[in-house]
**Q** 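Below are the structure tokens for one structure; questions will follow.
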Amino acid sequence: MKRSRMGWMLCCILSPVICVSVICVSAQSTLTSLRGIVKDPSGALVPGATVTLVDNAQGRTFTATANGVGLYEFPQIPPARYTITVTAAGFGNQSKTAELLVNQPATINFTLTIQSQNVTVDVSSSAQTLNTTDATLGDSVGNKTIQALPMEGRDPLALLTLQPGVLYLGNPEENNTSDSRSGSVSGGRSDQGNITLDGIDDNDQLNGTAFTGVLRSTLDSTEEFRVTTSNGNATTGRSSGAQVTLVTKSGTNKFHGALYEYYRPTNTVANEWFNKYQQLLLGEPNVPQKYVMNTFGGSFGGPIVKDKLFFFFNYEGQRRAIDEIVTRTLPTQQFYQGELGYLDANNNTQWLTAAQVTAVDESPDDPCTPTIGCGPSANVIAYYQPLASAGIFGTVPTAGDGINNAGYIFASPAPVTENTSIFKVDYDLNPQQHIFVRGNLQKDTGNLPTASGSCPGVVSAGTCFGVENLPGQPLASWSEDN
């Protein structure tokens, strides 16, 4: 069975007050804030100092004035790398550079020096990592960290599993489980997380899986993200789980781009334990399941109008040629031969031959006739004949009763194709107002494992669905008249 999914979304935001979209959404903050105190060499406060923030990448400039106690503040500014310059009468200019991350309140203090003339002193500095502004707990991750850390499938949300307070047991869809703890954050269930992308609700309301948004974010399209694991404030905290805020890259005053391809061959995969166990029982070689992942794409961005209008585009394709480990409940070898097993009073396994099954099946009150036969069902034996001929039968006691039927484990192809296109246009009306338009296009196709129902080496479809799907034959009935 082939499954495909195609989706798109186009949204427009006038930051920080208006949100317009083709779907009904609500905007949340994708901004940050900065504050600090300005002092002189003796430690006295310097009121009236002018603090200027410059984002050289997009030509943005923000200005604030320190109040009577030397405190300056920028309550809402876009996250970026800024040059922060402080000027005051009678003091030399001082500049610091800082990477201000999304939803991560920063505090940067300045101590000015007395100079006979104004001299700019460049001091490299980062914003304080300790958040002393509000009670939120969590980490912000910038683009350099995102690019540097290895991650499966180049999915930036995989970094969420490394946060303190996170219990991650894997994707429930891949593990075929519905465990609500698979993405528990600070005790909140996996479906209690809140994911926003550029201020837009990106939660998967249908599946509710952990750390998974409706729109897929690629590594090259993510500028940064912030994870609040507990004590979320009013800007994001609407549920008990993680509060995830992602920011898409924007174009800058310089053209920039990248081409990439990452290939993971199947010889890097260890054999799944139960698959190996099945192979050893059958005397087969230890051959791991197939797992080939190829991720490729490119990105390009730059100015349309310098300091005003910018664009960014990213395409990423992923091809996964993988096998999923599948367990089917099949008859055991003795059951194929018409024998019937049971546990005696001492909990030992006993077997009835086909002739004994026939004798037990026949009774004076219900005699066997040509129409209603006795003993092993010829229809069931014929149904499973392709498996018997291929030497495929239940062996692993992880399924069935372990006597008449048991589990048969094998690797089934489940290839996946994913295509993601992301386009974003930013326009700066003025330092206080910013408009962006972002479009996402996703087209995914894939095959479900054992879509034909066939076991390896068996051409006949439907013969590997196991005894629980035996057509027209109840599981409890082995003879035709019971």
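Counting begins at 1 with the first residue of the sequence.
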**Q** Thr222 versus Thr248: any side-chain heavy-atom pair under 4.5 Å?
**A** no

**Q** Are Thr332 and Ile403 packed together at the side-chain level, in the sense that at least one heavy-atom pair is separated by less than 4.5 angstrom?
**A** no

**Q** Compute whether any side-chain donor of one residue and acceptor of the other, for Thr420 and Arg216, lie under 3.5 angstrom apart.
**A** yes

**Q** Report yes if some heavy atom in the side chain of Pro78 is under 4.5 Å from a heavy atom in the side chain of Phe62; otherwise report no.
**A** yes

**Q** Does Thr252 form a side chain to side chain donor-acceptor pair (under 3.5 Å) with Gln58? I'd like the steps, not just the answer.
**A** CA-CA 5 Å; Thr252 65; Gln58 294 190 335; over 6 Å; no

**Q** Any chance you could measure Leu246, atom CG, to Asp202, atom CG, to the nearest 0.5 Å?
**A** 7.5 Å

**Q** Under a 3.5 Å cutoff, is there a donor and acceptor pairing between the side chains of Thr85 and Ser95?
**A** yes

**Q** Considering all heavy atoms of both residues, which atom of Ile108 and which atom of Ile84 are nearest to each other, and what is their separation?
**A** CD1-CD1, 3.7 Å

**Q** side-chain contact (heavy atoms from CB on, under 4.5 Å), that's the test. Do Leu330 and Leu387 meet it? Break it down for me.
**A** CA-CA 9 Å; Leu330 298 180; Leu387 296 179; 3.9 Å; yes

**Q** With sequence neighbours excluded, tell me which residues meet side chain to side chain donor-acceptor pair (under 3.5 Å) with Tyr262.
**A** Arg154

**Q** If we only count heavy atoms from C-beta on, is the Ser33 to Gln76 side-chain gap below 4.5 Å?
**A** no

**Q** Tell me whether the NZ or CZ atom of Arg35 lies within the 45° cone about the ring axis of Phe74 and under 6.0 Å from its centre.
**A** no

**Q** Do you know which two heavy atoms are closest between Ile435 and Leu429, and how far apart they sit?
**A** CD1-CD1, 3.8 Å

**Q** Could I get the full list of salt bridge (Lys or Arg N to Asp or Glu O under 4.0 Å) partners for Lys424, not counting sequence neighbours?
**A** Asp426

**Q** Once you round to the nearest 0.5 Å, how far does CZ of Phe410 lie from CD of Glu284?
**A** 12.5 Å

**Q** Identify the heavy atoms of Gly59 and Asn253 that sit nearest to each other, and give their distance.
**A** N-ND2, 3.6 Å

**Q** Are the side chain of Thr266 and the backbone N or O of Tyr291 linked by a donor-acceptor pair below 3.5 Å?
**A** yes

**Q** Does the side chain of Arg438 come within less than 4.5 Å of Leu215's, by heavy atoms?
**A** yes

**Q** Taking all heavy atoms of Pro288 and all of Ala270, pick out the closest pair and write down the distance.
**A** CB-C, 4.0 Å

**Q** Taking only residues two or more places apart in sequence or in another chain, which ones pass side-chain contact (heavy atoms from CB on, under 4.5 Å) with Thr52?
**A** Thr50, Val54, Thr61, Thr63

**Q** If you measure from CG on Asp198 to NZ on Lys249, what distance do you get to the nearest 0.5 Å?
**A** 13.0 Å

**Q** Identify, with sequence neighbours excluded, every residue that meets side-chain contact (heavy atoms from CB on, under 4.5 Å) alongside Gln289.
**A** Val269, Asn271, Glu272, Asn275, Asp323, Ile325, Ala411

**Q** Quick one: list whatever passes side chain to side chain donor-acceptor pair (under 3.5 Å) with Ser421, sequence neighbours left out.
**A** none

**Q** Can you tell me how far NZ of Lys443 sits from OG1 of Thr417, rounded to the nearest 0.5 angstrom?
**A** 10.0 Å

**Q** Any side-chain donor paired with an acceptor under 3.5 Å for Tyr82 and Asn56?
**A** no

**Q** So, for Leu197 and Ser217, which heavy atoms are closest and what is the spacing to 0.1 Å?
**A** CD1-OG, 3.8 Å

**Q** Check step by step if side-chain contact (heavy atoms from CB on, under 4.5 Å) holds for Ile77 and Leu53.
**A** CA-CA 10 Å; Ile77 51 176; Leu53 271 64; 3.6 Å; yes

**Q** Name the one of Thr218, Asp220, Asn419 that satisfies side-chain hydrogen bond (donor to acceptor under 3.5 Å, both in side chains) with Tyr315?
**A** Asn419

**Q** Without hydrogens or angle criteria, can the side chains of Glu261 and Asn294 be said to hold a donor-acceptor pair below 3.5 Å?
**A** yes

**Q** Roughly how far, to the nearest 0.5 Å, is CD1 of Ile322 from CE of Met293?
**A** 7.0 Å

**Q** Set out, in order, the CA-CA distance, both residues' side-chain angles and the distance that settles ring pair (Phe, Tyr, Trp, His ring centres under 6.0 Å) for Phe311 and Phe300, then state yes or no.
**A** CA-CA 8 Å; Phe311 75 94; Phe300 185 66; 5.6 Å; yes

**Q** Could you walk me through whether Leu441 and Ile422 pass side-chain contact (heavy atoms from CB on, under 4.5 Å), step by step?
**A** CA-CA 7 Å; Leu441 177 64; Ile422 299 173; over 6 Å; no

**Q** Check Pro105 against Thr32 and note the closest heavy-atom contact, atom names and distance.
**A** N-OG1, 4.5 Å

**Q** Has the side chain of Asn404 got a donor or acceptor atom that lies under 3.5 Å from a matching backbone atom of Gly341?
**A** yes

**Q** Give a yes or no on whether a salt bridge exists between Asp55 and Arg81, defined as a side-chain N under 4.0 angstrom from a carboxylate O.
**A** no

**Q** Looking at Glu224 and Val102, would you say the former's side chain and the latter's main chain have a donor-acceptor pair under 3.5 Å?
**A** yes

**Q** Just to verify, what does Thr395 make a side-chain contact (heavy atoms from CB on, under 4.5 Å) with, not counting sequence neighbours?
**A** Gln278, Leu281, Leu282, Phe393

**Q** Taking the side chain as everything from C-beta on, heavy atoms only, tell me whether Gln442 gets closer than 4.5 Å to Glu418.
**A** no

**Q** If you count every heavy atom of other residues, nucleotides or ligands that lies below 6.0 Å from Lys308 atom NZ, does the total exceed 12?
**A** yes

**Q** Measuring only between side-chain heavy atoms, which start at C-beta, is Tyr277 closer than 4.5 Å to Gln279?
**A** no

**Q** Step by step, would you call Thr295 with Glu316 a side-chain contact (heavy atoms from CB on, under 4.5 Å)?
**A** CA-CA 7 Å; Thr295 305; Glu316 181 170 294; 3.7 Å; yes

**Q** Any side-chain heavy-atom pair from Asp307 and Asp428 closer than 4.5 angstrom?
**A** no

**Q** Enter the distance from Thr196:OG1 to Ile200:CD1 here, rounded to the nearest 0.5 Å.
**A** 9.0 Å

